[in-house]
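Written below as structure tokens is the structure these notes are about.
Being a predicted model, the structure only gives us computed values, none of them experimental. Residue numbers run from 1 in the order of the sequence given.
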Amino acid sequence: MILIAQDSDLFMKRMGEAEELPRTIVRRVVKDKLSRCSEDGEISINKDALLAFSESARIFIHYLSATANDICKESKRQIISADDVFKALEETEFPEFVRPLKASLEEFRKKNAGKKAAVSKEEGDETNKRRKLEGGSPDKGESSNKDESPIKGESPDNGDGSDSQ
């Protein structure tokens, strides 16, 4: 029985570690927010305080995601949307977070739309360069040289069976 208890403790420890938020990110968020509120700018955070912030954020995420999941299920859907999260914030009595979250989400979408457009343009440019190098037209994947023989070094077959070299 002791072996099972040890395995269970190890499992619970690993599960807890898997659900932990990255400490560096939590520290950065907390320091950034506190430095905006503080006049002297430099803020030190006790290790226990950092753990408390991390645990609080993890619990809040679990609570919010469970509420958003319930809203999603009530709508007979399986995928949680941003609107479900907004409704969950209102339902959990955090309506003051909705407006800044929507603004942040909109900014994120605009930034990613610009990145996606740049990536798509780069991919299109790369495809056209490859096609040009391969002898194809930039608009089509076909070769522009129709007299090209399938095997290098051989002359194209004229279809009359003669060897014309």
Side-chain angles (χ1 to χ4, degrees), residues 1-134 136-141:
M1 289 292 190
I2 294 173
L3 182 60
I4 294 172
Q6 288 175 343
D7 287 346
S8 176
D9 290 343
L10 181 62
F11 175 76
M12 292 304 288
K13 182 180 178 187
R14 287 190 179 159
M15 282 299 293
E17 289 172 0
E19 291 183 352
E20 278 184 24
L21 297 173
R23 288 184 187 137
T24 55
I25 292 174
V26 173
R27 179 181 290 116
R28 189 180 318 135
V29 169
V30 171
K31 278 191 160 196
D32 181 54
K33 185 61 178 176
L34 292 178
S35 68
R36 291 181 193 177
C37 299
S38 174
E39 292 178 15
D40 53 354
E42 188 61 32
I43 302 290
S44 295
I45 304 169
N46 181 309
K47 192 174 185 178
D48 289 339
L50 187 63
L51 181 62
F53 277 118
S54 182
E55 268 302 291
S56 299
R58 187 184 66 78
I59 291 167
F60 180 74
I61 291 169
H62 279 251
Y63 183 53
L64 188 62
S65 61
T67 306
N69 188 47
D70 290 344
I71 292 168
C72 182
K73 285 182 177 181
E74 287 172 5
S75 300
K76 297 181 178 153
R77 291 179 288 109
Q78 293 182 348
I79 299 173
I80 297 173
S81 69
D83 286 334
D84 296 328
V85 177
F86 300 145
K87 289 175 188 171
L89 283 167
E90 289 174 359
E91 197 171 296
T92 56
E93 299 182 20
F94 290 101
E96 65 274 11
F97 291 173
V98 174
R99 178 182 260 138
L101 180 58
K102 283 183 178 181
S104 179
L105 183 60
E106 187 62 33
E107 182 181 323
F108 176 79
R109 286 177 176 165
K110 285 179 183 176
K111 200 182 294 184
N112 274 352
K115 286 180 184 178
K116 284 181 182 179
V119 168
S120 294
K121 184 179 182 328
E122 287 175 13
E123 287 175 353
D125 291 346
E126 288 297 318
T127 302
N128 287 340
K129 285 179 187 176
R130 258 195 318 275
R131 288 180 182 160
K132 286 179 184 177
L133 288 173
E134 293 170 354
S137 68
D139 296 331
K140 298 177 186 172

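- The two residues I80 and A68 come nearest to each other via the heavy atoms CG2-CB, 3.9 Å.
- One finds no salt bridge joining E107 and K110 here, because no Lys/Arg side-chain nitrogen approaches an Asp/Glu carboxylate oxygen to under 4.0 Å.
- Contact annotation: the side chain of K47 never approaches that of L51 to less than 4.5 Å [non-hydrogen atoms, C-beta and beyond].
- With hydrogens and angles ignored, the 3.5 Å screen pairs a side-chain donor or acceptor of T92 with a backbone N or O of A88.
- For R27 against L50, the heavy-atom pair with the smallest separation is NH2-CD2, 3.3 Å.
- Looking only at distances, a side-chain donor or acceptor of S56 sits under 3.5 Å from a matching main-chain atom of A52.
- A salt bridge links D32 and R36; the closest N-O separation between the charged side-chain nitrogens and carboxylate oxygens is under 4.0 Å.
- In the displayed structure, R23 atom CZ is contacted under 6.0 Å by at most 12 heavy atoms of other residues, nucleotides or ligands.
- Side-chain contact between F94 and L101: absent, with no pair of heavy atoms (C-beta onward) separated by less than 4.5 Å.
- Within a 6.0 Å sphere centred on CD of E96, other residues, nucleotides and ligands contribute more than 12 heavy atoms.
- The distance from atom NZ of K87 to atom SG of C72, rounded to the nearest 0.5 Å, is 10.0 Å.
- Atom CD of E20 is separated from atom CD of E55 by 7.0 Å, given to the nearest 0.5 angstrom.
- The distance from the CZ atom of R28 to the OG1 atom of T24 is 5.5 Å, given to the nearest 0.5 Å.
- Within the 4.5 Å cutoff, side-chain heavy atoms of R77 are placed close to those of D84.
- Results of the side chain to side chain contact (heavy atoms under 4.5 Å, CB included) test with F53 over V30, L21, D48, V29 single out V30 as the only residue that passes.
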